[in-house]
Amino acid sequence: MTHNLIFGDRMPVWAELDQLLGKPEFDPNLTGINATYERLQAFGRVLGPAREVHRCPERLLAGMEWAGMVDPAMMHAAMVHYGVATTALVECGHPNDDLDPLIADLDTMDAPGAIVATELGRGGSQVNIRTQARYHRDRAVFTLHTPDDAALKIMPNVGWTGLARTAVVNARLIVDDSDHGVHAFAFRFPHPHTHVATLPGGAPVPLDYSVIRFQNAEIPFGYWLSDSATLTGNEVNDPLSAGQRLARSLGGVNAAVTSASVALASAARATVAIAARYNTQRLVGHPGTPALDFTTHRIALASAVAHVYATGFYVDKVRRDFINERRSTATTGTTDTTDNASYAPWLAANRDRTLAKAAATTTLETVAATCRRLCGFQGVLHANRLTVYEDMARSFHAAGGDTRLLLLEAGKQLIEGTDAEARRHAPSASLGDPRSVYRLASLHEHALANQLRHRINRENPNAHLPDIENLARVHITRRTLQEFDKAVTDSEGQWHTTLGAAHRLYGINALLESANWHLNHGSLHPGDLDLLHHAHAAATKHVTQHLNTLIDGLAVPPGRLGGFIGRADYIDRIARLIGNP
């Protein structure tokens, strides 16, 4: 195995999409909402019609990786279009004369997809949706209605009037004044009985975010994305419970969360590639010292590279699992569901999937901030992309599920049943080698879960929310170490040695972050910290020695990055802006 094979399966798709970089729609001087949607439609023409991409999850996720690196705003719109709207209409809708034209418009992107779920009065309100979809038997139609201002829908990217949208609206199904839980409905914007206002000001990812009021907006019966539910006479028959129906109605979010994870990981790769290429050329002081000769810069960059690789392998595991799941459910149309999602319904299908999104978001935010500081003033210029990626991370702490709520839900699940891997690698007595990072991470997770289980049985769970969140973060670290270890084990030759250096550095950094807990609990001793710091210096040196190989392994060609400082000829490129003297 060589480093080029990490991304080998999606490189052909990236090569197709790279042809867009010379098209007028991707001129970096074009900005604004209309430019974003022109790029989205050009992207869709190459990636493919919505239904075809839905049937090819490898292509979907390769496209999201490319888009996350090239244009985060376009990527966000594409994620909602392909991941949420297409999934909901194709998997939960049934062919009919009303719905088929909407799906056709998704295919052509004449009306790109949108998701209309969150409501103004409550954050994370997907579990408390109050928008009504009332059935009118006499006309065999539904009307969508906003009962009060707190139920206004907020944040869908449907504010720009230059393009129609095909939306998925989550609302409570009301039949004869009986509430049958949250279901999904197709919807076409604009609509005469729907008022849309673009939210004022900006956002980290510049899209046409909006607030929406439905005023008895009539839609055909065929727009109900009923899935396995039926309505006969005055009876709604649904084989799923209310909690399962909610998770199923939000099922497209699973595709969106996976899309977000791979896009965020891709942006993180781009971030360290830009910073590494610039800092190998950047001279500081007189007569000019290369930036990477400074220990501070070298440690920060090496750790960032190791962090990006670590998160990347965790995300790639989730990517593979999603592809396999999409293939296995393509004929059955079923997904795993649960009734026990207190904070975040997205965890109903797969814990790793949503935690990978949280991990990728945090990694990109941390690494982009580090790389921005490493690049001085060049790092704050939007043209050089680092701040754009940092803003992308800020946005995705909310999009695809609030990071803190996701962590709380995962922590709650871990307390209810500690992960079998953590139990297996968490000995009850001696650790043997006290500096075995994975075993220490497993011990940490297992001990935290046990402590919280006993406390919560006796006390108010809300008193322990910070510890529950911390348990989820420790679990992410342990899972990331586990996937990184598998990747190193599967690698060969010089790449095995090079990747192993990044693996060691990431592990040492992770252990240093949790050293206080281990010192408190006796799984590390004071002298161990000196050994860890020496090992950290050696691992940093090794990663720096192999920096070019590691950056090449991230598969980030300079031409895909735009800007200047990610290129070897950045001085000439900037100088050309003012011409020759």
Side-chain angles (χ1 to χ4, degrees), residues 6-7 10 60-73 75-76 78-80 83 204-205 253-274 303-323 344 346-347 349-371 385-386 388-407 409-410 469 472-484 487 502 506 509-510 554-556:
I6 294 177
F7 305 106
R10 51 265 219 199
L60 166 67
L61 297 181
M64 294 305 106
E65 288 176 296
W66 185 90
M69 195 177 292
V70 170
D71 187 335
M75 174 268 147
H76 194 291
M79 172 197 75
V80 174
V205 174
V253 178
N254 287 313
V257 166
T258 308
S259 296
S261 298
V262 301
L264 290 156
S266 179
R269 296 197 301 271
T271 298
V272 293
I274 291 168
S303 293
V305 170
H307 198 167
V308 166
Y309 266 98
T311 300
F313 286 123
Y314 183 34
V315 168
D316 206 51
K317 167 65 163 62
V318 168
R319 171 186 168 273
R320 294 192 305 272
D321 287 349
F322 176 80
I323 290 169
W346 304 274
L347 279 167
N350 187 294
R351 182 168 65 218
D352 265 343
R353 181 174 300 151
T354 44
L355 289 184
K357 195 280 289 191
T361 304
T362 302
T363 296
L364 178 57
E365 184 177 46
T366 301
V367 166
T370 295
C371 291
R385 295 266 177 95
L386 297 179
V388 175
Y389 296 141
E390 200 172 357
D391 284 343
M392 179 185 182
R394 292 194 185 103
S395 176
F396 273 97
H397 273 304
D402 181 283
T403 293
R404 177 152 279 172
L405 296 180
L406 296 179
L407 293 173
E409 188 68 53
E469 179 181 348
R473 294 189 186 278
V474 171
H475 175 79
I476 289 173
T477 299
R478 200 263 301 166
R479 286 289 295 115
T480 302
L481 285 163
Q482 187 176 13
E483 295 304 324
F484 206 160
Y506 174 77
N509 280 331
L554 295 172
V556 183

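Note that these values count all heavy atoms, side chains included, but never hydrogens, waters or copies made by symmetry. Treat the numbers as computed from the prediction; the structure is a model and nothing was measured.
The CG atom of Leu60 sits 9.0 Å away from the CD1 atom of Ile323 when rounded to the nearest 0.5 Å. Summarising the geometry, atom OG belonging to Ser266 is positioned 7.5 Å from atom CE belonging to Met392; distances are rounded to the nearest 0.5 Å. Of the inter-residue distances, the one linking Tyr314 atom OH with Gln482 atom CD reads 9.5 Å to the nearest 0.5 angstrom. Considering CE of Met64 and CE of Met79, their distance stands at 9.0 Å, rounded to 0.5 Å. The structure places NE2 of His307 at 9.0 Å from CG of Asn509, a figure rounded to the nearest 0.5 Å. Interatomic distance, CD of Glu469 versus CG of Leu405, reported as 9.5 Å (0.5 Å rounding).
Residues satisfying the salt bridge (charged side-chain N to carboxylate O under 4.0 Å, His left out) criterion with Asp316, sequence neighbours excluded, are Arg10, Arg319, Arg320. Not a single side chain to side chain donor-acceptor pair (under 3.5 Å) links Thr480 to another residue, sequence neighbours left out.
Of the possible donor and acceptor atoms, one in the side chain of Lys357 sits under 3.5 Å from a partner among the backbone N and O of Gly401. Remark: the backbone N or O of Ala255 is paired with a side-chain donor or acceptor of Ser259 at under 3.5 angstrom. A donor-acceptor pair is defined here as one N or O able to donate and one able to accept, closer than 3.5 Å; no such pair exists between the side chain of Ser395 and the backbone of Asp391. Using modelled atom types, one side-chain atom of Thr354 and one backbone atom of Arg351 make a donor-acceptor pair closer than 3.5 Å.
Contact record, Phe484 with Ala306: CE1-O, 3.9 Å, taken as the closest heavy-atom pair. Listed here is the closest heavy atom pair of Leu407 and Ala358: CD2-CB, 4.4 Å. Shortest non-hydrogen contact noted between Arg353 and Val257 is O-CG1, 3.6 Å. Shown here for Ser261 and Ala356, the closest heavy-atom pair between the two residues is OG-C, 3.7 Å. For the residue pair Glu390 and Ala369, the shortest heavy atom distance occurs at OE2-CB, 3.5 Å. A pairwise comparison of heavy atoms in Leu355 and Ala410 identifies CD2-CB, 3.7 Å as the closest pair.
Between Lys317 and Asp321 there is a side-chain heavy-atom pair separated by less than 4.5 Å. The side-chain heavy atoms of Tyr309 and Tyr506, taken from C-beta on, include no pair separated by under 4.5 Å. Between Leu364 and Val308, the closest side-chain pair of non-hydrogen atoms is not below 4.5 Å. Counting heavy atoms from C-beta on, the side chains of Tyr389 and Leu264 never come closer than 4.5 Å.
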Side chain to side chain contact (heavy atoms under 4.5 Å, CB included) between Arg479 and Glu483, intermediate numbers included: CA-CA 6 Å; Arg479 286 289 295 115; Glu483 295 304 324; 3.0 Å; yes
Evaluation steps, side-chain hydrogen bond (donor to acceptor under 3.5 Å, both in side chains), between His397 and Thr403: CA-CA 5 Å; His397 273 304; Thr403 293; 2.9 Å; yes
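Between His76 and Phe396, the two ring planes are tilted [angle within 30° to 60°].
Across Asp352, Thr258, Val262, Leu61, a single residue satisfies side chain to side chain contact (heavy atoms under 4.5 Å, CB included) together with Val315, and that is Val262.
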